[in-house]
Amino acid sequence: MVRGKTQMKRIENTTSRQVTFSKRRSGLLKKAFELSVLCDAQVAAIVFSPSGRLYEFSSSSMSNIIEQYQRKTKDPGCSAKTTEIDFQNLKGNSLDMVKKIELLEVSKRQLSGEVLDTCSVEELQSLQNQLERSLSKTRARKNQLFQEQIEQLKQKEKKLSDENKKLQNRNGMRELLQFVTVHPEVPRGRGLDVETELSIGCPRRHRLNIDPHEDGLSIH
């Protein structure tokens with residue numbers, strides 16, 4: 001939805017007037033701050049609300065800026081000439097900004113598919129090319145993000161796999177140590193081969209048979 005132009009006249013509704021004052025005042029002070037920082041300018045802004053409340057901003061000392069202003073305004077000729085030049089510059093800049101805003105607004109509406117009835121074939125082709133370029137860049141960026149996410153998932157998978165192998169090795173070593181602790185008579189050779197025999201009947205004591213010629217263990 002396109003925002004309409006604000007008429008330059010007093011707002012009758014009290015609530016709307018207060019809201020507009022708050023927004024415009026914040027914007028004015030913000031612009032004053034940006035001007036002082038970007039252009040290294042001495043800026044001072046003083047605003048009184050309808051109720052008489054004071055709002056101000058100064059890039060340095062407010063009193064120093066006011067004194068500097070008063071010194072400049074003591075020369076009527078210089079002050080009038082400077083004011084006229086500044087006014088003309090501001091007027092020209094304002095007109096340029098208004099035109100740029102109008103063009104941007106029209107371009108935005110056209111890219112959204114509105115106000116296309118008055119467009120020529122060349123203009124429509126240009127809009128189509130712009131949309132295709134935008135779509136191509138959007139898809140490229142999306143594919144890049146997908147690829148980065150895939151790489152991250154692969155790295156995470158590799159890390160989890162390595163941790164899983166380490167845990168399996170730890171568990172294997174822990175079981176081996178537990179077995180050796182329970183059966184200290186078993187010689188520590190190349191490995192432990194355990195043979196189990198299943199029998200049905202009353203349980204009986206199992207004994208360990210160790211073959212002195214083999215590094216192994218059999219249970220009977």
Side-chain angles (χ1 to χ4, degrees), residues 1-50 53 55-60 65 69 81-161:
M1 183 175 181
V2 181
R3 181 180 179 182
K5 294 183 178 180
T6 302
Q7 297 181 358
M8 290 296 104
K9 66 177 184 178
R10 182 177 183 272
I11 300 175
E12 298 298 334
N13 185 274
T14 304
T15 303
S16 299
R17 185 167 62 247
Q18 182 62 31
V19 172
T20 302
F21 171 79
S22 178
K23 291 182 178 179
R24 296 298 178 96
R25 182 205 70 226
S26 300
L28 175 63
L29 298 181
K30 180 181 178 182
K31 291 297 182 182
F33 169 75
E34 293 175 353
L35 178 62
S36 66
V37 174
L38 296 176
C39 303
D40 194 22
Q42 296 293 321
V43 181
I46 300 175
V47 181
F48 287 97
S49 68
R53 186 174 181 180
Y55 300 91
E56 64 178 68
F57 166 80
S58 59
S59 57
S60 59
I65 295 178
Y69 169 77
K81 184 177 180 180
T82 304
T83 303
E84 181 65 23
I85 294 174
D86 292 342
F87 176 76
Q88 293 297 333
N89 291 334
L90 290 174
K91 184 177 180 181
N93 292 335
S94 298
L95 293 175
D96 291 340
M97 290 299 296
V98 170
K99 291 180 181 179
K100 290 181 180 179
I101 292 174
E102 290 178 353
L103 292 175
L104 290 174
E105 189 65 32
V106 172
S107 177
K108 177 182 176 182
R109 296 179 64 185
Q110 288 176 347
L111 291 173
S112 300
E114 303 176 5
V115 295
L116 299 178
D117 297 338
T118 58
C119 295
S120 62
V121 177
E122 290 78 8
E123 292 175 342
L124 292 174
Q125 184 64 41
S126 177
L127 289 174
Q128 182 179 351
N129 294 336
Q130 292 181 28
L131 291 173
E132 289 177 352
R133 287 194 297 268
S134 300
L135 182 59
S136 177
K137 292 181 180 180
T138 303
R139 287 175 175 172
R141 178 57 179 166
K142 183 185 69 173
N143 293 334
Q144 180 183 358
L145 292 177
F146 282 164
Q147 188 65 29
E148 291 176 356
Q149 292 178 358
I150 291 174
E151 292 297 329
Q152 292 176 358
L153 291 175
K154 287 182 178 180
Q155 294 178 2
K156 186 175 181 180
E157 180 185 8
K158 184 177 181 303
K159 182 178 179 181
L160 293 175
S161 178

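- For the residue pair Phe48 and Phe21, the shortest heavy atom distance occurs at O-CE1, 4.2 Å.
- With sequence neighbours excluded, the residues that form a side chain to side chain donor-acceptor pair (under 3.5 Å) with Ser60 are Gln42.
- Listed by chain and number, the residues in a salt bridge (Lys or Arg N to Asp or Glu O under 4.0 Å) with Lys158 are Asp162 (sequence neighbours excluded).
- For Ser120, the side-chain contact (heavy atoms from CB on, under 4.5 Å) partners at least two apart in sequence or on another chain are Glu122, Glu123.
- Evaluation of the side chain to side chain donor-acceptor pair (under 3.5 Å) rule for Glu56 yields no partner, not counting sequence neighbours.
- By the side-chain contact (heavy atoms from CB on, under 4.5 Å) test, Ser22 is found to be paired with Arg25, residues two or more places apart in sequence or in another chain being considered.
- Every residue two or more places apart in sequence or in another chain that forms a side-chain contact (heavy atoms from CB on, under 4.5 Å) with Gln125 is listed here: Gln128, Asn129.
- The OG atom of Ser136 sits 12.5 Å away from atom CG of Leu131, with the distance rounded to the nearest 0.5 Å.
- Remark: Glu12 pairs with Arg10 by the side chain to side chain donor-acceptor pair (under 3.5 Å) rule, at least two apart or across chains.
- When the side-chain contact (heavy atoms from CB on, under 4.5 Å) test is applied to Phe33, the partners found at least two apart in sequence or on another chain are Ser36, Val37, Phe57.
- Listed by chain and residue number, Ser16 satisfy the side chain to side chain donor-acceptor pair (under 3.5 Å) test with Asn13 (two or more places apart in sequence, or in another chain).
- Judged by distance alone, with hydrogens and angles left aside, the side-chain atoms of Thr138 form a donor-acceptor pair with the main-chain N or O of Ser134 at under 3.5 Å.
- For residues 130-154, no pair satisfies salt bridge (Lys or Arg N to Asp or Glu O under 4.0 Å), with sequence neighbours left out.
- We find the CD-CD distance between Gln147 and Gln152 to be 11.0 Å, quoted to the nearest 0.5 Å.
- Here CD1 of Ile101 is found 9.0 Å from CD of Glu105. Values are rounded to the nearest 0.5 Å.
- Here salt bridge (Lys or Arg N to Asp or Glu O under 4.0 Å) pairs that include residues 34-44, with residues two or more places apart or in two chains, are Lys31-Glu34.
- Of all the heavy atoms in Ala41 and Ser59, the pair that sits closest is O-OG, 3.5 Å.
- When all heavy atoms of Leu28 and Val47 are compared, the closest pair comes out as CD2-CG2, 3.9 Å.
- The NZ atom of Lys100 sits 6.5 Å away from atom CE of Met97, with the distance rounded to the nearest 0.5 Å.
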